[in-house]
Amino acid sequence: MLIDNHNRKINYLRLAVTDRCNLRCNYCMPSEGINFVENNKLFSIDELIKLSRIMVDQGIDKIRITGGEPFVRKDLMVLLRALTELDGLNDISITTNATLIGPYIDELKRLGIKNINVSLDAINKATFERITRRDQYDTVYGNLVRLIAEGFNVRINFIVLENQNTQDVLSILELMKHYKVSVRFLEEMPFNGGSKTFNAIRWDYKKILEHITTAYPDTEKLKSPPTSTSINYKIKGHTGTFGLIPSFSRTFCGSCNRLRISASGDVITCLYGKPKMNLLSVMRGNNAEEAIKKHILDAVGNREKTGFEAQAQHSSVFNSSMTSIGG
Ligand code: SAM
Ligand code: SF4
């Protein structure tokens, strides 16, 4: 079992399988993209399988596959199939922009991979295209509805962006009213590849909640699991729920149970901090398994207590992009 230096149990790995993406969401990347790492500096699928096995051996029981866009990797299903064979791994989930998932929905269902987070920051097509800088709305919406209809546990990630999509906050709740889905509103974080910088946000979780409850006064707070990053609510008469994720306000650090590994091997113990180490050459060296286990123990034993403490490691504004960190 992995216990960090603040006595938090770490059982949740967010594994980025690529830094590439077919969208260019303006809160995530500049329009020209970022300096993507060379192919041979990304873990191969075999390496990702080996890494996952080592991590599960160390006590990880939940893995979320993220990126970049995970389905940009043509061999993603090879990894997913292998993950379903791992004893001790109880929860496999995926975060996706839902542009490319269509052909894989049937197999995901057969494999029992049910937890899919879909990023959708607008229900107005023009707004979606402005934010993502790509013309993929119909595909994303079609795949989203299909995933819901097929019985997946779908959560929608909607980042509330000032002057961009706040007019869609209530509309998406209305649109999803009869669907069994959770719409999670996230605060924007300053990880956009340096394309814009900020030290504060106006649409924090309190403001988002006030905006929603003004329109829907009959809103009840739900009990959430202790390690949940979202504060969850139900609107009377709605089939699904909604959640608020204080990703910039960082109210949830005290119960953080997660570790991140980027597609190029960076071990990240807090989104707001610097990578603790890189595992790529360790994975490709001698005694990889033992060495990785030792590095992971070191990383987990040296975690910052909060995202604010971690942020203090940076002297200037963030210039990294969520497409390399995995969200
Ligand atoms: N491409 C996939 C997707 O968009 O769902 C997976 C990778 S994406 C980096 C993972 C999550 O990070 C998405 O839900 C995305 O909305 C979120 N994200 C990206 N940039 C962000 C930012 N600057 N602030 C908050 N969340 C961000
Ligand atoms: Fe791609 Fe996801 Fe980043 Fe959008 S948020 S650019 S879909 S990695």
Side-chain angles (χ1 to χ4, degrees), residues 6 8 12 14 25-28 95 117-124 127-128 130-131 154-177 179 181-192 196-258 270-273 304-312 314 317-318 322 325 327:
H6 304 285
R8 296 172 292 202
Y12 174 14
R14 296 180 63 100
C25 304
N26 62 23
Y27 52 78
C28 178
T95 299
N117 286 6
V118 172
S119 301
L120 178 68
D121 309 297
I123 57 153
N124 174 283
T127 309
F128 176 91
R130 247 192 326 272
I131 293 173
V154 179
R155 301 192 298 192
I156 296 174
N157 285 352
F158 182 114
I159 303 187
V160 182
L161 304 157
E162 190 171 5
N163 299 326
Q164 294 202 72
N165 62 358
T166 52
Q167 68 286 0
D168 278 11
V169 168
L170 300 179
S171 327
I172 195 168
L173 288 171
E174 207 47 42
L175 182 72
M176 290 295 141
K177 187 173 179 172
Y179 290 113
V181 65
S182 168
V183 184
R184 291 130 40 95
F185 297 100
L186 284 86
E187 295 176 351
E188 185 182 8
M189 292 179 264
F191 301 105
N192 42 48
K196 57 180 170 168
T197 58
F198 57 85
N199 295 313
I201 44 161
R202 214 164 68 80
W203 282 85
D204 66 5
Y205 71 106
K206 292 181 192 154
K207 184 170 164 68
I208 303 168
L209 181 62
E210 190 189 307
H211 182 64
I212 295 173
T213 50
T214 304
Y216 297 105
D218 227 340
T219 295
E220 178 201 351
K221 189 169 178 185
L222 302 172
K223 206 166 161 21
S224 303
T227 53
S228 172
T229 51
S230 61
I231 314 164
N232 300 301
Y233 299 86
K234 186 161 178 64
I235 298 170
K236 192 167 180 203
H238 286 219
T239 308
T241 59
F242 77 88
L244 305 171
I245 306 194
S247 24
F248 188 73
S249 303
R250 287 160 265 180
T251 55
F252 43 65
C253 300
S255 58
C256 180
N257 64 342
R258 46 190 70 193
C270 174
L271 264 180
Y272 285 86
E304 289 70 29
K305 196 168 181 182
T306 68
F308 294 99
E309 203 178 302
Q311 184 176 347
H314 294 271
V317 288
F318 302 90
M322 210 60 111
I325 314 172

Trainee: Check the pair Leu120, Ile172 against side chain to side chain contact (heavy atoms under 4.5 Å, CB included), reporting the backbone distance first and the verdict last.
Mentor: CA-CA 10 Å; Leu120 178 68; Ile172 195 168; 4.2 Å; yes
Trainee: Is it the case that the side chain of Ser249 and the backbone of Thr251 share a donor-acceptor pair, with hydrogens and angles ignored and the cut-off at 3.5 Å?
Mentor: no
Trainee: Under the criterion side chain to side chain contact (heavy atoms under 4.5 Å, CB included), I'd like the reasoning laid out for Phe308 against Arg250: C-alpha separation, chi angles, the key distance, then a yes or no.
Mentor: CA-CA 8 Å; Phe308 294 99; Arg250 287 160 265 180; 3.6 Å; yes
Trainee: Just how far is it from atom OH of Tyr272 to atom CD of Gln311, taken to the nearest 0.5 Å?
Mentor: 7.0 Å
Trainee: For the residue pair His6 and Glu304, what are the closest heavy atoms and their distance?
Mentor: NE2-C, 3.7 Å
Trainee: What distance separates Lys206 NZ from Ile231 CD1, expressed to the nearest 0.5 Å?
Mentor: 9.5 Å
Trainee: Just checking, is any N or O donor in the side chain of Asp121 or Gln164 under 3.5 Å from an acceptor N or O on the other one?
Mentor: no
Trainee: Within the distance-only criterion (no hydrogens, no angle test), does the side chain of Asn157 pair as donor or acceptor with the backbone N or O of Leu186 below 3.5 angstrom?
Mentor: no
Trainee: Main chain of Lys207, side chain of Asp204: is a donor-acceptor contact present, judged purely on distance under 3.5 Å?
Mentor: yes
Trainee: For the CG atom of Leu161 and the CD atom of Glu188, what is their distance to the nearest 0.5 Å?
Mentor: 5.0 Å
Trainee: Starting at CG of Asn257, measure out to OG1 of Thr229 and round the result to the nearest 0.5 Å.
Mentor: 9.0 Å
Trainee: Donor-acceptor pair, Arg8 side chain versus Cys253 backbone, under 3.5 Å?
Mentor: yes
Trainee: Are any of the side-chain heavy atoms of Phe158 and Leu173 separated by less than 4.5 Å?
Mentor: no
Trainee: Can you name the nearest heavy-atom pair linking Pro246 to Glu187, along with the distance?
Mentor: C-OE1, 3.4 Å
Trainee: Look up atom OG1 in Thr219 and atom CD1 in Ile235, then write down how far apart they are to the nearest 0.5 Å.
Mentor: 4.5 Å
Trainee: Should His211 and Val160 be marked as a side chain to side chain contact (heavy atoms under 4.5 Å, CB included) after you check the CA-CA gap, both sets of side-chain angles, and the distance that decides it?
Mentor: CA-CA 12 Å; His211 182 64; Val160 182; over 6 Å; no
Trainee: Less than 4.5 Å apart, any side-chain heavy atom of Thr306 and any of Glu309?
Mentor: yes
Trainee: Using side chain to side chain contact (heavy atoms under 4.5 Å, CB included), reason through Arg14 and Ile325 one step at a time and then give a plain yes or no.
Mentor: CA-CA 9 Å; Arg14 296 180 63 100; Ile325 314 172; over 6 Å; no
Trainee: Quick one: sort the Tyr233 and Phe242 rings into parallel, tilted or perpendicular, breaks at 30° and 60°.
Mentor: parallel
Trainee: Is any side-chain heavy atom of Met322 closer than 4.5 Å to one of Leu271?
Mentor: yes
Trainee: Search all heavy atoms of Pro226 against all heavy atoms of Ser255 and return the closest pair with its distance.
Mentor: O-OG, 3.0 Å
Trainee: In terms of side-chain heavy atoms, does Asn232 have a donor or acceptor partner in Ser224 at a distance below 3.5 Å?
Mentor: yes
Trainee: Indicate yes or no for a side-chain donor-acceptor contact from Thr127 to the backbone of Asn165 under 3.5 Å, with no hydrogens or angles considered.
Mentor: no
Trainee: Examine distances only and state if a side-chain atom of Thr166 and a backbone atom of Glu162 form a donor-acceptor pair shorter than 3.5 Å.
Mentor: no
Trainee: Counting C-beta onward and ignoring hydrogens, is there a side-chain heavy-atom pair between Tyr216 and Leu170 closer than 4.5 Å?
Mentor: yes
Trainee: Tell me if the centroids of the rings in Phe248 and Tyr205 come within less than 6.0 Å of each other.
Mentor: no
Trainee: So how far is it from Met176 CE to Thr241 OG1, rounded to the nearest 0.5 Å?
Mentor: 12.5 Å
Trainee: Would one find more than 12 heavy atoms of other residues, nucleotides or ligands at under 6.0 Å from atom NZ of Lys234?
Mentor: yes
Trainee: Just jot down the salt bridge (Lys or Arg N to Asp or Glu O under 4.0 Å) partners of Lys177, sequence neighbours excluded, or say none.
Mentor: Glu174
